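Letters go in sequence order (proteins before strands), and every chain restarts at 1. The basis for the numbers below is simple: all heavy atoms, side chains too, and nothing from hydrogens, waters or symmetry mates. Nothing here was measured: the structure is a model prediction, and the numbers come from that model.
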Amino acid sequence: MNYRQAEKHVNTILMADDDSDDRLLVKEALNDANFPVANLCFVEDGDALMDYLLSRINSSAENKMPLPDLILLDLNMPKKDGREALKEIKSNADLRRIPVVVFTTSTSPQDIKASYDCGANSYISKSATFDSLAAAMQTIKSYWVDYALVS
Amino acid sequence: MAHFFSSMLQNLDNFRKNLRSAISGEFLTSSALWTLVLIFCCLLLTTFIAYRSTSELIEDNAWVLHTQEVLEQILEISTNVRTAEGRQRGFLLTQDNKYLDNYQETIREINSHLQALKQLVADNPARKIEVQELQKLIEQRIFIMGEVLDTYKNEGVEQGKQKLIHGGGLTVMRQITVLTDKIKSEEKQLLKKRSLRSNQSRDFALRGLVIGAIFTTTLVFFSYYLLVIDLRRRQQNEKALANARDNLEEKIQERTQELEQSNRELQEFAYIASHDLQEPLRKIQIFGDRLKLKAADQLDDSALDYLGRMQSSAKRMQNLINDLLQFSRISANTNAEGFLQVDLNLVLQDVLSDLEGSLEHYGGVVAVDHLPTIKANPLQIRQLLQNMLSNALKFHCPGVPPEVNVHWHNQTKFSDIENAEKYYEITISDNGIGIDQQYADKIFVPFQRLHGKNEYDGTGIGLAICRKIIEKHHGYIHVLPAPTGHGTRFVLCFPAF
């Protein structure tokens with residue numbers, strides 16, 4: 001329902017990551033993929049992420065603030081880490097429809113499996129080249145954002 | 001005897017002291033043995049005493065009997081002499097020849113008793129002389145009686161009477177009586193002496209037997225005491241041993257736990273370290289990329305070269321960290337419960353299809369036996385075979401197409417014990433550059449390389465990973481000696497479950 005609502009508004013991506021370098025790089029990569037970076041928001045830890053999402057659910061009808069259309073989630077963050085945040089999002093009836101793309105350094109099979117088990121919609125390892133990062137962001141944009149727009 | 005007992009008590013005291021301080025069981029065992037020997041000696045001594053006293057008793061008894069016999073014979077003789085005298089007088093009074101016949105018979109009897117007496121006293125020289133004297137006197141007496149009878153027959157009653165009265169028979173008879181009394185009293189003395197001695201020896205034997213019995217009983221109790229102490233000590237030892245064993249087990253468990261923990265910590269450390277090291281490295285690489293992309297036209301050639309070298313170093317470090325991660329994951333991800341039946345033929349097929357590119361590139365050939373099925377972690381076995389085969393291809397002799405052979409056979413370790421361990425021994429041999437035998441162990445250490453980075457690429461983790469995988473599967477790997485340039489032969493052993 002929230003997802004449908006969001007469709008009518010400007011498409012937004014919420015990135016939860018404590019690493020400013022990664023935030024800069026994602027911003028540049030999305031810019032290269034022609035995503036309007038003004039619609040990219042950032043939070044720096046799991047608690048901030050949950051505050052952000054819950055405040056939007058609870059906002060009053062006349063002052064409605066939209067939920068993000070997609071969440072880029074780092075697993076290793078201070079305070080509440082990405083795994084816990086992912087579990088909370090996917091167990092919240094109002095939030096579970098938001099696609100969550102896990103975006104993290106880890107390449108370990110356990111982390112990948114655990115993320116999917118918790119309901120992650122996709123898993124992208126932070127790559128060591130900008131080209132592959134740009135490609136990943138292009139994919140995200142064209143699959144999740146453009147697809148959502150069309151539908 | 002008293003001295004013996006006091007020294008024995010002293011010994012006992014020493015024994016007790018020694019018993020308390022005895023640590024080794026040998027002392028106890030030997031003292032128990034000595035006690036048994038002592039008991040045996042006591043029994044032997046007691047038996048000897050009993051035997052000797054019994055035979056002495058028998059002998060003494062014989063002597064007493066002997067004395068009694070002598071007395072009896074003497075009594076018989078003196079009685080018979082008197083009887084002969086009576087019969088002679090009866091004949092003289094009545095002239096009845098019946099008395100004379102009896103008289104002759106009595107004389108014969110006297111002689112036979114004298115003979116018997118002589119035999120009895122043959123061993124006693126003094127008595128023998130006395131008996132001879134007695135015999136002479138008796139013969140004299142008989143002679144005198146014979147003279148009286150002759151006189152009576154030949155010269156008449158009166159002459160006979162005169163002869164009887166004055167013939168000296170009475171004197172001889174008195175002498176005989178004195179002598180027999182003497183012998184009798186002497187024999188009685190002897191009898192008394194002998195029975196006294198017999199009594200004494202009986203008492204001695206009795207005392208000896210009683211003492212022997214007491215002593216033996218004491219020794220038996222003592223040896224029982226020793227055995228009880230020994231038993232108790234043994235039980236204590238066993239208890240101590242069991243305690244020590246329990247302690248040891250506890251310690252081993254503790255140590256194992258400690259080791260497991262430190263191992264786990266080490267693995268976590270390796271994982272976290274390599275994980276966290278990746279983060280800044282990735283940034284170096286990715287911003288290097290950005291720099292190159294955005295500022296390439298503003299940099300001169302040497303700056304671009306520096307940038308390239310920086311990036312290739314970063315890439316290399318990335319590889320090292322990835323390998324380290326992989327290496328540390330082998331331990332974390334291996335437990336025997338998760339092992340599956342793995343058909344090595346299928347795994348090898350997979351690996352060969354992965355290596356198809358380099359096989360074609362080098363013109364290599366791989367000949368494979370039909371391999372067994374083992375219980376293992378399939379992904380790790382795949383990695384193991386991949387590393388082994390890609391090494392075999394990579395380290396080929398320049399200009400020579402690589403040939404790789406994979407054979408296997410059953411191998412039994414410790415075949416002389418009951419639970420012999422069966423192994424599958426897989427040999428992977430190639431015709432490549434080979435490995436100098438002095439580096440046979442070094443090659444399995446992480447990041448150990450035998451060649452320059454420019455000669456052969458790779459970080460040097462491959463064989464370390466292979467060994468770790470095999471060890472996690474309770475097998476072992478080693479390289480067989482071969483002259484350099486004659487290829488390499490690796491032997492991989494897996495337990496056959």
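- B:Gln318 touches chain A through its side chain: at least one heavy atom from C-beta onward sits under 4.5 Å away, while N, CA, C and O do not.
- For B:Arg282 and A:Asp21, the salt-bridge test fails: no basic side-chain N is under 4.0 Å from an acidic carboxylate O.
- Looking at A:Ser106, both its backbone and its side chain come within 4.5 Å of chain B, counting heavy atoms on both sides.
- By the 4.0 Å N-to-carboxylate-O rule, A:Asp47 lies too far from A:Lys79 to be salt-bridged with it.
- Residues of residues 288-296 of chain B that come closer than 4.5 Å to chain A, counting heavy atoms only, are B:Asp289, B:Arg290, B:Lys294, ordered by residue number.
- Residues that satisfy the side-chain contact (heavy atoms from CB on, under 4.5 Å) test with B:Glu425, not counting sequence neighbours, are B:His409, B:Gln411, B:Val491, B:Cys493.
- If you check the side chains of A:Lys90 and A:Asn121, you find a donor sitting under 3.5 Å from an acceptor.
- Between A:Lys126 and A:Asp74 there is a salt bridge, since a side-chain N of the basic residue sits under 4.0 Å from a carboxylate O of the acidic one.
- Salt-bridge formation is not detected for the pair A:Lys80/A:Asp45: no Lys NZ or Arg NE/NH1/NH2 atom is positioned less than 4.0 Å from an Asp or Glu carboxylate oxygen.
- One finds a salt bridge joining B:Asp305 and B:Arg309 here, because a Lys/Arg side-chain nitrogen approaches an Asp/Glu carboxylate oxygen to under 4.0 Å.
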